[in-house]
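Beneath this line is the structure, given in structure tokens, with notes to follow.
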Amino acid sequence: MQFPADFYWGGATAANQCEGAYDVDGRGLTMKDITTMGGLNQRRQVTYLQADGTPGKGDSIPAGAHGAVLPDDYYPNQTSIDFYHRYQEDIALFAEMGFKMYRMSISWSRIFPRGDENEPNQAGLDFYRRVFETLKKYEIEPLVTISHFDMPLYLEETYGGWNDRRMIGFYQHYAETLFTAYRGLVKHWITFNEINNTIMFLALRAKAGDADYQRAYQQLHYQFVASALAVQQAHAIDGENKVGCMICGITSYPLTCDPADVLQNRYVWEQNIYYCGDVQCQGQYPTYARRLWNEHQVDLDITDSDLEALKAGTVDWYTFSYYMSTAVTTHEVSATVGGNFSMGARNPYLQYSEWEWADDPAGLQYYLELMNDRYHLPLMVVENGLGAKDYLTVDGQIHDVYRISYLRKHIQAMATAIHHGVKLIGYTSWGCIDLVSAGTGQMSKRYGLIYVDRQDDGSGTLARIPKDSFYWYQRVIASNGQDL
Ligand code: P53
């Protein structure tokens, strides 16, 4: 089985989960900086000062309160693995593995601390220039996510974030600033990480009411327009620029052959997966959008010029994350999957990780083949990996055979899809270096090929140690996917 000669092998991270240095060089606060997340299944807690000056914690910041860092709380993302100060060492390790591509994101509030300024923060721009120049030295192609679970807190507090149409303009100015500043250094971009999460997690985890759906679909619409305008700007600023969408790719199966389950499963695909990809790849809302909006009495602010923007700003390729599959049923089931969010029914044919994510490489092949013929665009798997606890041996090594086994099976699934004609151009494994989990805030849910000595309570030396998977992936890349 053969991978293309110019296949982009690499790894992926996100600014908020690896950089740390949350308050240096003029950076503005973000929601993640005031989020405390401890052990598994703990709910997200943001901290704030209420109007009367007393501290509080909750799911979100109540009206009249302001996000604040409280002295007695621990915030894992504030330091994370301190990539901000250690990027040279980390990129050297990526180069040692033979990376052709490194997917990373930019922290919006380093560039625009509040988000609505005209002038960018030069120190923030300089940091990423240094990162890109280091990557260039090693001939590693950057793939840059413009927005990865990250925006200036000020925009959320002042404008209500993506509920407000003005966000389109702020995002456009931010994206244009990046395309201009890094012209010639970066040519691969992603507009929004896992854009479909807004709607997917609403459907998965909450007993959401119509008002929640109204907000979610409206936020998505503004993001679609912002993304489409950014695609057009990227192309206008540099003809070499290529821009992708990024979808959280969870393959869904009907649990039974009851036609009601099969239909339900189709609806899950439409709402959770296709809705965003169809708009971003095809430049218009699909037929079933009306059914979805009607179901939840959604009435959207969509203008004619929005629709023109969507048409003119379709993406150049389709990228997605893939970790697991799920099973859908209309029947009562006793075996459900918990993890850090409800993933529906338990699939009796699959094994689950400690966080109850289904290990399903065939689901990746299925997903690739489906999207290849839906969009006829080049595809990239920009996240895939196994979150697992790692243990150091007495001689300071990490024998992560479970991770190697997971990655091997998923790379084999990609090879099969390529063999079947799928145009897959790259693979960046998630959390190529250990970092803070997005879902749980844990360090102990590790994905890395490089171990980082940092623990859930913030202790540790931050030392980097290559795991067995590091040397294995090095061989995979050197043999272009032959030596698995
Ligand atoms: P963590 C849920 C399901 C699939 C992908 O996730 C997800 C999530 C969020 O929890 O997010 C992506 O760290 C995301 C990354 C994230 C990674 O998957 O919860 O793009 O930022 O770290 C893994 O185990």
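Counting starts at 1 for both ligands and their atoms, in listed order.
Between Phe112 and His173, the ring planes are tilted. Angles from 30° to 60° get that label.
The shortest N or O to N or O distance between Gly439 and ligand 1 is under 3.5 Å. Residue Tyr447 has at least one nitrogen or oxygen atom sitting less than 3.5 Å from a nitrogen or oxygen atom of ligand 1, judged on distance alone. Considering backbone and side-chain N/O of Ser321, none are found under 3.5 Å from N/O of ligand 1.
Counting heavy atoms only, Gln17 comes closest to atom 21 (O) of ligand 1 of the residues Gln17, Glu383, Gln442.
In Arg86, the CZ atom is crowded: over 12 heavy atoms of neighbouring residues, nucleotides or ligands sit closer than 6.0 Å. Within 6.0 Å of atom NZ in Lys423, 12 or fewer heavy atoms from other residues, nucleotides or ligands are found, so the atom counts as exposed in its surroundings.
Heavy atoms of Trp355 found under 4.0 angstrom from ligand 1: none, in either backbone or side chain. At a heavy-atom distance under 4.0 Å, no atom of Ile250 approaches ligand 1. In Ala438, the parts holding a heavy atom less than 4.0 Å from any atom of ligand 1 are both the side chain and the backbone. Residue-level proximity to ligand 1 for Trp357 is carried by the side chain, the only part with a heavy atom below 4.0 angstrom.
Screening Tyr171, Phe170, Tyr222 for a ring pair (Phe, Tyr, Trp, His ring centres under 6.0 Å) with Tyr159, the sole residue that qualifies is Phe170.
A donor-acceptor pair shorter than 3.5 Å can be found between the side chains of Asp390 and Tyr402. For the 3.5 Å distance criterion, the side chains of Asn163 and Gln219 qualify, holding a donor opposite an acceptor.
Remark: Arg130 engages no residue in a salt bridge (Lys or Arg N to Asp or Glu O under 4.0 Å) (not counting sequence neighbours).
The contact set between ligand 1 and Cys248, taken as ligand atoms under 4.0 Å from a residue heavy atom, comprises 4 (C), 5 (C). Near Ser437, with a cut-off below 4.0 Å to any heavy atom, the atoms of ligand 1 are 1 (P), 13 (O), 19 (O), 24 (O). Heavy-atom proximity to Phe201, at under 4.0 Å, picks out these atoms of ligand 1: 2 (C), 3 (C).
Contact analysis puts His148 in contact with ligand 1, with a non-hydrogen atom separation below 4.0 angstrom. Contact analysis leaves Gly387 out of contact with ligand 1, as no non-hydrogen atom separation drops below 4.0 angstrom.
Side-chain rings of Phe99 and Tyr138 stay apart, their centers remaining 6.0 Å or farther from each other. Taking the six-membered ring for Trp and the full ring otherwise, Phe127 and Tyr87 have centroids separated by under 6.0 Å.
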